[in-house]
Protein chains: 2
Amino acid sequence: MTPEQINELTIVVDGIAAPLTRGDLPSARAALATVEPERLADVLERLDGRRRAVAYRLLPKDHALHVFEDLSPNLQGELIGDLRDAEVAQIFADLDPDDRVWLVDELPASLASRLMRGLPGREREMTAAVLGYRRGSIGRRMSPEFVSLPETATAAVALARVRSRLDDAETVYTLPVVDAGRRVIGVVSLRDLLRAGPDAPIGELMQPAQTAGVDDDAESAARRCTDRGLLALPVVDSEERLVGILTVDDAARILEHEESEDAARQGGAEPLRRPYLSTPIAQIVRSRVVWLLVLAVGATLTVQVLSVFEATLEQITVLALFVPLLIGTGGNTGNQAATTVTRALALGDVRTRDVLRVLGREVRVGLMLGGILGTIGFAVTSLVYDPLIGTVIGATLLAVCTMAATVGGAMPLVARAIRVDPAVFSNPFITTFVDASGLVLYFLIARAVLQI
Amino acid sequence: MTPEQINELTIVVDGIAAPLTRGDLPSARAALATVEPERLADVLERLDGRRRAVAYRLLPKDHALHVFEDLSPNLQGELIGDLRDAEVAQIFADLDPDDRVWLVDELPASLASRLMRGLPGREREMTAAVLGYRRGSIGRRMSPEFVSLPETATAAVALARVRSRLDDAETVYTLPVVDAGRRVIGVVSLRDLLRAGPDAPIGELMQPAQTAGVDDDAESAARRCTDRGLLALPVVDSEERLVGILTVDDAARILEHEESEDAARQGGAEPLRRPYLSTPIAQIVRSRVVWLLVLAVGATLTVQVLSVFEATLEQITVLALFVPLLIGTGGNTGNQAATTVTRALALGDVRTRDVLRVLGREVRVGLMLGGILGTIGFAVTSLVYDPLIGTVIGATLLAVCTMAATVGGAMPLVARAIRVDPAVFSNPFITTFVDASGLVLYFLIARAVLQI
């Protein structure tokens, strides 16, 4: 949204919250009626729990389900808690199977299973199939409502089949082609179907299919779909049989969800999963305090290192002045390397077994960066303090940059090898390790150069 | 890609690079023929410049253009430099107008304008129209090849129109509906067209349209398209007239491009824009050294602050031991707040004028975090050192966390207000500012408590 749109939205939300607070339902309903249908979810997101439920009940029936679908799953879960059982059962039955699974993942298990029992047979079956795949897999995020075509059909038969499924299929624009054993052997686009003569056999119209395995990681399957510019990716089981379809809009939703989580964790906090301004302060504190404590405990290592060298510091206090600069530069160099390698891993440019090549490159990069910074550091410190201190600072910058780039480059590969998210693991670890070992290097160099 | 796929790919690339190095073209061609067509771009990306151009020439004619389109724009630019003029002109003419613009943005201006002059009239016109919009706007990323429908048409007429444009239109699945003045008044999906009776008027089938303004920021228009789960977003000029269309696959491509740049810049480096392992070391160093120098110059502020308090340090050396821990904790707290608020800004949950609400929340969050960490810090330091030092550390943690959360929360809003990317601006600034002012707080508290 542009800043202007956000400003507008705030005015609209205030205009709805005020009558709700007064209990003036007709005015609230009138205010809601002025909102464009596709903005209603944004409005509800910005109301608090009770007012949100009341506003939801005031929506016209034909909009309500769409608005519900547009809400993020955790807000759907909250809203469900504030509605009556009959309303909840109706919403649940009206959702698409894949949206239902996003919601189930947010609900308490007892409520979820009660809702599941209330579903009509076929809907329950389809939803249960999706719920059978592990969390985090693409199986749990795909839609089981796909249109597949037999290789032997003609274009006319295929079009008739598409027409019969216009109401319920997740997509009709990308159509997986299957053989007699339900194995995916290609895909046909609706565009190509429309272009073909009525008697053209599907086997001749189809293109090679990209597929995802049902147990594949949801994020990597989603990225595959968007990277290739595909409108949909067929999902297959271990025997290549078609079990579902991932559409590009669902892929984008998965990636945005992951991106939000990664962004929060890289900043050293758990994701909030709801709009910042409506998150209680205590919840924000909880999302941050654990990481902060872990990092602070890690940082006590620097206190221990420094106390080992306390005698040196007492002799030459000036050494203390450069501590923040040196460990800061080390941390920055390490984070640069870690970010580059993490991204390269995510994009598939680097594999875990490339570890030696990455180390070789980062040692050289670190040496060059350290050489540049060390020379400047030596020159400036020699002028301002004295050449001996300058030598210590210059040599330390060279050593710290080389060490930090190497450790920073290796860390994401180590994280991947031990199956931890590189984006989450690398930066805190680098901060702790590079700070402490940078200080050791600093004081060893100082002792050697200054002969103490 | 899964690690297994990446391993496979590396073996394939080695199998192609080896005969190319020997000049054994028939073997290289045979090796290329074994690669699935949709993996060819990945293979070319991993070859170096000269071998890439030779491999490209060995591709079967009917695959070559697709492979070229799958390459990232900067690699397209490099490849162009290694091919003959006639080959280049042919590729350029065969590209879609929007893909051509991505490429033009990568080429030297003289080459780009020579290629533009060589285009057939209509193609040149469409491309020039897109090139007329400013870099970074969605106008420059949209496709001018759309199918629009007049409100007055029937479903049958509309379907006939769609069929006539199957070959060249960017998408036929989302169809903007326009009035007599070419203004967008709705959209119709191909699915709804197929479902409708032949005589149904478009005006009754259409849904309200989400649109993007042609001068809107490309990233926010792309996010709007994916957020809403739209297959395509009509792009309009200032008078709401249809000028182009943004399809969801192009939106995903824009977002991934932005995400790569943001990830690099947040890690304090310029984006590499090519696979890590094939980027020359010197280029990696260049992408990092400027940021590192800027941050190091910022960090000299800490040296200055510490030298002001050098006498205090000489008296009580033990104070130096806690410097890395205190500024590290400050930096972490600031980054947590900045990351949360940056993300909230990007998602539209927070606006620049919410600055006071954000500050109010972050002061409270900072006080609570500082209270928790300060209490623990006081207890531990009192036990290990003495209660006076413990008081200094506890009080400093309280003060530093509060200051850092407040500054960290405000910084993205300041960045947005002065029109700098919050993700790029916030972290370096926080590091510099929070480190220096955290040290000032520390020594002022120490002097007060220890009465020196």
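Note that this is a predicted model, so its numbers are computed, not measured. Each chain gets a letter, A, B and so on, in the order its sequence line appears, and its residues count up from 1.
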Cut-off 4.5 Å, heavy atoms of chain B, and the answer for A:Asp217 is neither
Side-chain ion pair, B:Arg195 and A:Asp167, N-O less than 4.0 Å: yes
Whatever's closer than 4.5 Å to a heavy atom in chain B on A:Leu231 counts as side chain
From the list B:Thr333, B:Thr317, B:Asp249, the residue making the most non-hydrogen contacts under 4.5 Å with chain A is B:Thr317
For this session: Check whether any side-chain heavy atom of A:Leu295 lies under 4.5 Å from a side-chain heavy atom of B:Thr329, and answer yes or no.
Result: no
Turns out that what part of B:Ser189 lies under 4.5 Å from chain A's heavy atoms comes down to both
The interface call for A:Ser307 against chain B, heavy-atom contacts under 4.5 Å, is both
Separation between CZ (B:Arg224) and CG (B:Asp216), nearest 0.5 Å, reads 7.5 Å
Taking side chain as C-beta onward, heavy atoms only, is A:Thr340 less than 4.5 Å from B:Arg288?
yes
Distance col, row B:Arg163:CZ vs A:Leu194:CG, nearest 0.5 angstrom, shows 5.0 Å
Just wondering, do B:Ile284 and A:Arg364 contact through their side chains at under 4.5 Å, heavy atoms? no
Given A:Val305, A:Val358, A:Leu306, the one with more heavy-atom pairs under 4.5 angstrom with chain B than any other is A:Leu306
Separation between CD (A:Glu362) and CD (A:Gln336), nearest 0.5 Å, reads 9.5 Å
State, yes or no, whether a side-chain contact exists between A:Leu373 and B:Leu293 at a heavy-atom distance under 4.5 Å.
yes
Review point. Would a distance-only check, ignoring hydrogens and angles, find a side-chain to backbone donor-acceptor pair under 3.5 Å from A:Asp354 to A:Val350?
Key: no
Pair count under 4.5 Å, heavy atoms only, with chain B: among A:Glu45, A:Met368, A:Glu314, highest is A:Glu314
Cut-off 4.5 Å, heavy atoms of chain B, and the answer for A:Leu190 is both
So, the part of A:Thr432 with a heavy atom under 4.5 Å from chain B: the answer is neither
Check your understanding: Has the side chain of A:Arg223 got a donor or acceptor atom that lies under 3.5 Å from a matching backbone atom of A:Leu255?
Key -> no
Can you find a pair of side-chain heavy atoms, one from B:Tyr173 and one from A:Arg191, that are under 4.5 Å apart? yes
The interface call for B:Ile376 against chain A, heavy-atom contacts under 4.5 Å, is side chain
Comparing B:Val365, B:Leu166, B:Thr302 against chain A, the one with the most heavy-atom pairs below 4.5 Å turns out to be B:Leu166
Honestly, the part of A:Leu326 sitting under 4.5 Å from a heavy atom of chain B is neither
Heaviest contributor of heavy-atom pairs below 4.5 Å to chain A, chosen from B:Phe309, B:Phe322, B:Tyr276, is B:Tyr276
Bottom line for A:Val341: the part with an atom under 4.5 Å from chain B's heavy atoms is side chain
The interface call for A:Gln304 against chain B, heavy-atom contacts under 4.5 Å, is neither
Note: vs chain B, highest number of non-hydrogen pairs under 4.5 angstrom among A:Pro208, A:Ala41, A:Ala169 is A:Ala169
_Measuring only between side-chain heavy atoms, which start at C-beta, is B:Leu321 closer than 4.5 Å to B:Tyr385?_
yes
Bottom line for A:Val303: the part with an atom under 4.5 Å from chain B's heavy atoms is both
The interface call for A:Ile372 against chain B, heavy-atom contacts under 4.5 Å, is side chain
Charged N to carboxylate O under 4.0 angstrom, A:Glu69 versus A:Arg253?
no
Per-residue tally against chain B (heavy atom, under 4.5 Å) across A:Val248, A:Val380, A:Asp435 peaks at A:Val248
query = Do you see a donor-acceptor pair shorter than 3.5 Å between the side chains of A:Thr247 and A:Asp250?
reply = yes
Whatever's closer than 4.5 Å to a heavy atom in chain B on A:Val318 counts as both
Counting heavy-atom pairs under 4.5 Å with chain A, the top scorer among B:Val285, B:Leu313, B:Leu439, B:Thr226 is B:Val285
Bottom line for A:Leu325: the part with an atom under 4.5 Å from chain B's heavy atoms is both
Looking only at B:Ile327, B:Thr279, B:Thr171, most heavy-atom pairs under 4.5 Å shared with chain A are made by B:Thr279
The interface call for A:Ala344 against chain B, heavy-atom contacts under 4.5 Å, is side chain
